[in-house]
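Chain identifiers are assigned alphabetically (A, B, ...) following the order of the sequence lines, protein sequences preceding nucleic acid strands; residue numbering begins at 1 within each chain. The shown structure was predicted, so the numbers you read here are calculated from the model rather than taken from an experiment.
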Amino acid sequence: MFFNQVLNMRILLIHADRFSFRVTGETSVAMASELQKASPESEATECLVVFMAAEKGDEADVDSVVKQVTKEVLSLADQVGTSHLVVYPYAHLSSRLSSPRVAVRLLDEICRQLLRQRRIKVLRAPFGYYKSFEIACKGHPLSELAKTITPEKSTKASADAEESEALKAEKTLESEWIIITPDGKQVSVEDFSFATRPNLERLFRYEKSGTRVSDQAPPHIELMRRMELVDYEPGADPGNFRWYPKGQLMKRLAETYVSGLVIDHGGMPVETPIMYDYQHPKLSLYLQRFPARQYVLLSGEKEYFLRFAACFGQYLIQHDMQISYNHLPCKLYELTHYAFRREQSGELAGLKRLRTFTMPDLHTLVKDADQAKEEFLRQTDLAIQCMEGFELDFEVAIRFVRDFADQNRQFIEKLASCCSRPALIELWDERFFYFVAKLEFNFIDALDKAACLSTVQIDVENTERFDITFVDKKGEKQHPLLLHASISGSIDRVMYAILETQAIRISKGEKATFPFWLAPIQLRLIPVSEKFDVACKQVLEKVPYRIDYDDRDITMGRKIRNAEREWIPYILVLGAKEVAEQCLNVRTRDGAQRKMTLHELLAEIEPQTKEKPFLDLPLPQSLSRRPIFVG
RNA sequence: GCCGGCGUAGCUCAGGGGUAGAGCAACUGAUUCGUAAUCAGUAGGUCGCGGGUUCAAAUCCCAUCGCCGGCUCCA
């Protein structure tokens with residue numbers, strides 16, 4: 001029933017001794033731009049003429065069709081031994097034509113792809129004009145070939161169509177929006193006073209209208225470069241970044257922290273492949289539920305896609321496991337390093353949205369709805385703890401299928417209380433996706449845009465789809481429910497949120513500062529002159545944190561300025577006074593200067609590192625020996 | 001992906017059909033310095049890449065890549 005939504009391409013290929021055409025008049029869909037791309041009259045000899053017509057469809061499939069048409073055409077050109085192609089729009093191949101816009105785009109794209117091949121010459125006839133033509137077909141067995149190209153397999157096509165129907169339905173259907181306060185009171189968004197929760201109001205507006213007002217780049221982009229953390233890599237696909245030592249250190253710390261929380265929580269770490277067989281029956285079904293955003297990889301004759309999450313890898317393990325009700329809840333965890341999503345180029349935005357990213361992915365099998373709810377609450381707590389560790393503020397959005405919400409009022413109240421802040425609830429009348437409940441922690445950035453970080457979801461679909469079972473008390477096989485959780489969201493996105501938080505601080509006239517445990521350089525030691533080298537070395541040895549040493553031949557004012565610009569939490573100055581008094585002059589981010597002994601300083605720092613991971617300085621300790629990555 | 005803007009030294013940017021510019025950073029020297037920029041000097045550029053127009057192109061035109069913004073999207 002959805003097949004008429006699918007974009008097909010009909011092509012007729014003729015190997016000709018000679019082919020010529022001439023424009024004779026405009027059709028109703030003529031466009032002037034066509035005559036700039038293709039001449040009104042031309043001829044070719046010893047060529048392969050490609051007549052083509054695009055059928056009714058959905059432009060989401062253009063990529064796939066272009067790819068297949070190109071492949072077919074090049075393959076036949078190769079077989080008949082010609083490198084001269086004529087691309088000729090020929091509406092008469094179909095009675096259900098696509099829109100002219102899509103047709104022209106297809107033509108353009110096909111020509112572009114063909115021209116990428118070395119040695120191939122392409123002659124293109126204009127779209128939207130009546131043309132006369134003459135052709136001398138060679139008449140050998142391969143000289144005439146007609147094909148209908150559909151995007152991938154027809155099953156995929158119908159599933160895609162189904163998905164796009166679901167997405168459309170979701171858009172047209174009004175969601176109901178409610179605010180729930182930590183004490184469990186529910187009010188409509190209209191009746192809720194957002195005065196004390198401006199960010200929750202921003203989240204709601206963002207969700208409801210999707211409009212953006214910004215004309216600026218997100219400030220974290222400048223910061224990620226200036227702080228020598230992360231940078232664009234022009235030599236890679238867009239959305240794939242390079243990480244400098246300081247950024248890589250922060251990322252590693254964040255990863256270690258998140259993984260530690262999840263493993264303590266009972267997640268069993270696994271590692272799964274990053275690429276999967278496109279034709280695997282279960283995976284291809286799963287893929288088809290979503291718009292095509294995969295990296296596809298050709299290995300010999302086979303096609304693979306790069307994972308966009310760790311879900312399948314874990315499903316495939318769970319499918320093969322022997323699990324009884326005694327083992328539930330059963331939690332598999334992977335720090336998905338990496339997940340790949342080939343987002344449209346215009347959707348990429350610094351560290352907020354990437355094509356290659358790292359995310360913690362926890363999948364919990366539970367025996368029944370009660371256990372699902374119990375785990376959901378525990379994992380929500382864990383996500384809150386995680387956000388606190390990163391010192392990130394966030395707003396809560398909870399989405400439910402209405403039936404689920406109606407049957408689980410008490411659970412929803414507990415969830416609201418657990419979040420200890422007003423939360424936005426969205427109710428759907430029908431289930432569009434695999435989940436019946438989804439919790440999100442959204443970060444509101446310096447430009448008032450929202451980005452989802454932590455998420456917990458109850459999946460009611462995939463254990464059946466992937467035939468994941470457990471044996472219950474009676475010895476019978478059952479499909480468990482499944483919880484998806486990413487307690488921090490993508491690590492890259494956590495970095496974005498941390499940097500945007502600093503940008504917000506700066507815009508308020510405050511000083512930016514990383515959480516101490518994440519600061520790439522935690523302390524900097526500045527000697528008043530090189531005479532104090534020995535005293536400095538003694539201090540360096542006694543500090544068990546990431547401390548470095550500004551031994552460059554520049555003035556102290558300059559050194560202080562440099563250290564401040566790097567947001568270093570503690571700046572230690574050491575000169576004659578300090579040596580005489582056996583102490584340090586300590587400058588902190590608030591601008592205060594204090595005289596402290598090393599012992600006092602370490603005692604002050606210690607609580608800030610509690611239960612947080614530590615990694616050594618990944619750079620030369622002396623600034624005189626440290627290269628510059630950016631600037 | 002579509003529409004728009006941008007791309008000049010390591011960084012931030014000015015310039016604009018006729019010898020390629022500044023500040024910062026780097027390097028050399030002087031200075032040995034007390035809390036956000038010491039002084040002087042040196043070096044550094046196929047003006048994103050590819051075509052075209054022109055006696056002459058960084059500058060104008062076309063195409064392409066990248067970044068940013070808007071739309072769309074965000075499993």
Taking atom types as modelled, is there a side-chain donor on A:Gln457 or A:Tyr434 under 3.5 Å from an acceptor on the other? yes
Find the distance A:Met224:CE to B:rC68:C1' and express it as a whole number of Å. 12 Å
Given the P atoms of B:rU8 and B:rA14, what is the spacing between them in whole Å? 10 Å
Heavy-atom pair with the smallest gap, counting every atom of A:Phe340 and A:Tyr338: CE1-O, 3.7 Å
Would you mind checking if A:Arg355 and A:Asp237 are paired as a salt bridge, meaning a charged N to carboxylate O distance below 4.0 Å? yes
With P as the reference atom in both, quote the distance from B:rC74 to B:rC6 in angstrom, rounded to an integer. 31 Å
Residue pair A:Arg225/A:Ile628 against RNA chain B: nearer the 5' end by closest nucleotide is A:Arg225
Give the dot-bracket line for RNA chain B from 5' end to 3' end: parentheses for intra-strand Watson-Crick or G-U pairs under 3.5 Å, square brackets for crossings, | for inter-strand pairing, dots for unpaired. ((((((((.[[[[.)..(..]]]].(((((.......))))).....[.[[[..)....]]].])))))))....
Close N/O contacts between protein and nucleotides 29-33 of chain B (under 3.5 Å):
residue: B:rU31; atom: N3; partner: A:Asp553; partner atom: OD2; Å: 3.4
residue: B:rU31; atom: O4; partner: A:Asp553; partner atom: OD1; Å: 3.4
residue: B:rU31; atom: O4; partner: A:Asp553; partner atom: OD2; Å: 2.0
residue: B:rC33; atom: OP2; partner: A:Lys531; partner atom: NZ; Å: 3.3
residue: B:rC33; atom: N4; partner: A:Asp553; partner atom: OD1; Å: 2.6

Donor-acceptor pair under 3.5 Å, A:Glu578 side chain vs B:rG34 base: yes
Base, sugar-phosphate alone, or nothing: which one does A:Ala563 contact when heavy atoms must sit under 4.0 Å apart? nothing
Go through the structure and list residues passing side-chain hydrogen bond (donor to acceptor under 3.5 Å, both in side chains) with A:Ser622, not counting sequence neighbours. none
Return whichever of A:Glu347 or A:Pro238 has its heavy-atom-nearest nucleotide of RNA chain B closer to the 5' end. A:Pro238
Take atom CD of A:Glu461 and atom C1' of B:rA75, then tell me their distance rounded to the nearest Å. 11 Å
Considering every strand and a 4.0 Å limit on heavy-atom distances, what is the contact class for A:Lys511: base, sugar-phosphate, or nothing? base
State plainly whether the residues A:Arg524 and A:Glu566 are in salt-bridge range, i.e. N to O under 4.0 Å. yes
If the C1' atom of B:rG23 is compared with that of B:rA9, how far apart are they to the nearest Å? 12 Å
Within the structure, does a side-chain N or O atom of A:Arg587 lie under 4.0 Å from either OP1 or OP2 of B:rG34? no
Considering every strand and a 4.0 Å limit on heavy-atom distances, what is the contact class for A:Pro234: base, sugar-phosphate, or nothing? nothing
Whole Å only: how far is the CZ atom of A:Arg353 from the P atom of B:rU72? 12 Å
Does A:Arg558 put a side-chain nitrogen or oxygen below 4.0 Å from OP1 or OP2 of B:rA36? no
Listed partners of A:Gln248 passing side-chain hydrogen bond (donor to acceptor under 3.5 Å, both in side chains), at least two apart: A:Arg252
Could you pull out the closest heavy-atom pair between A:Ile504 and A:Asp445, with the gap in Å? CD1-C, 4.0 Å
A:Trp243: ring pair (Phe, Tyr, Trp, His ring centres under 6.0 Å) partners, not counting sequence neighbours: none
If we count only N and O atoms by modelled type, under 3.5 Å, do the side chains of A:Arg307 and A:Thr272 hold a donor and an acceptor together? yes
Min side-chain heavy-atom separation A:Asp108-A:Phe127 under 4.5 Å: no
Please list, in numerical order, the residues of residues 589-596 of chain A that have a heavy atom closer than 4.0 Å to any atom of RNA chain B. A:Gln593
Side-chain donor-acceptor pair under 3.5 Å between A:Ser624 and A:Asp551, yes or no? yes
Return the value, rounded to whole Å, for the distance between atom CD1 of A:Ile568 and atom C1' of B:rA36. 13 Å
Can you list every ring-ring contact (aromatic ring centres under 6.0 Å, His included) pair that touches residues 551-576 of chain A, not counting sequence neighbours? A:Phe514-A:Trp567, A:Phe516-A:Tyr570
Partners passing ring pair (Phe, Tyr, Trp, His ring centres under 6.0 Å) against A:Tyr496 (at least two apart in sequence or in another chain): A:His220, A:Phe443
Base of B:rC11 paired with side chain of A:Arg226 (donor-acceptor, under 3.5 Å): no
Expected output: side-chain A:Lys559 to main-chain A:Asp550 donor-acceptor under 3.5 Å: yes
So, using side-chain hydrogen bond (donor to acceptor under 3.5 Å, both in side chains) as the criterion, who are the partners of A:Arg399 when residues are at least two apart? A:Glu207, A:Glu426, A:Glu440
B:rC47 and B:rU19: how far apart are their C1' atoms, nearest whole angstrom? 15 Å
Any base atoms under 4.0 Å from A:Ile221, or only sugar-phosphate, or nothing? Heavy atoms, all strands. sugar-phosphate
Any protein N or O atoms within reach of nucleotides 46-52 of chain B? Criterion: under 3.5 Å, listing atom names and distances.
none

Cut-off 3.5 Å, side chains only: do A:Arg565 and A:Asn562 have a donor facing an acceptor? no
Could you work out which one of B:rC74, B:rA75, B:rC68 sits closest to the side chain of A:Arg493? B:rC74
Can you check the distance between B:rU46 and B:rA20, where both ends of the measurement are the C1' atom (answer in whole Å)? 12 Å
A:Asp231: partners by side-chain hydrogen bond (donor to acceptor under 3.5 Å, both in side chains), with sequence neighbours left out: A:Arg225, A:Tyr244
Between C1' on B:rA75 and OH on A:Tyr315, what's the gap in Å once rounded to a whole number? 9 Å
Dump the pairs, protein N or O against N or O of nucleotides 4-7 of chain B, anything under 3.5 Å, distances to one decimal.
none

Within the structure shown, what part of the strands sits under 4.0 Å from A:Asn562 by heavy-atom distance: base, sugar-phosphate, or nothing? nothing
Rounding to an integer number of angstrom, what distance separates B:rU72 and B:rG1 when you compare their C1' atoms? 8 Å
Distance-only donor-acceptor test, A:Arg561 side-chain atoms vs B:rA37 base atoms, 3.5 Å: yes
Atom CG of A:Leu348 and atom P of B:rC71 are separated, to the nearest Å, by 15 Å
A:Gln344 CD to B:rU72 P, straight-line distance once rounded to whole Å: 11 Å
Rounded distance in Å between the P positions of B:rA57 and B:rU53: 11 Å
Does A:Lys449 put a side-chain nitrogen or oxygen below 4.0 Å from OP1 or OP2 of B:rG70? yes
Separation of the C1' atoms in B:rC39 and B:rG48, to the nearest angstrom: 37 Å
A:Val460 vs A:Phe435 side-chain heavy atoms within contact, under 4.5 Å: no
A:Leu447 versus A:Gln216: any side-chain heavy-atom pair under 4.5 Å? yes
B:rC68 C1' sits how many Å from A:Leu354 CG, rounded? 15 Å
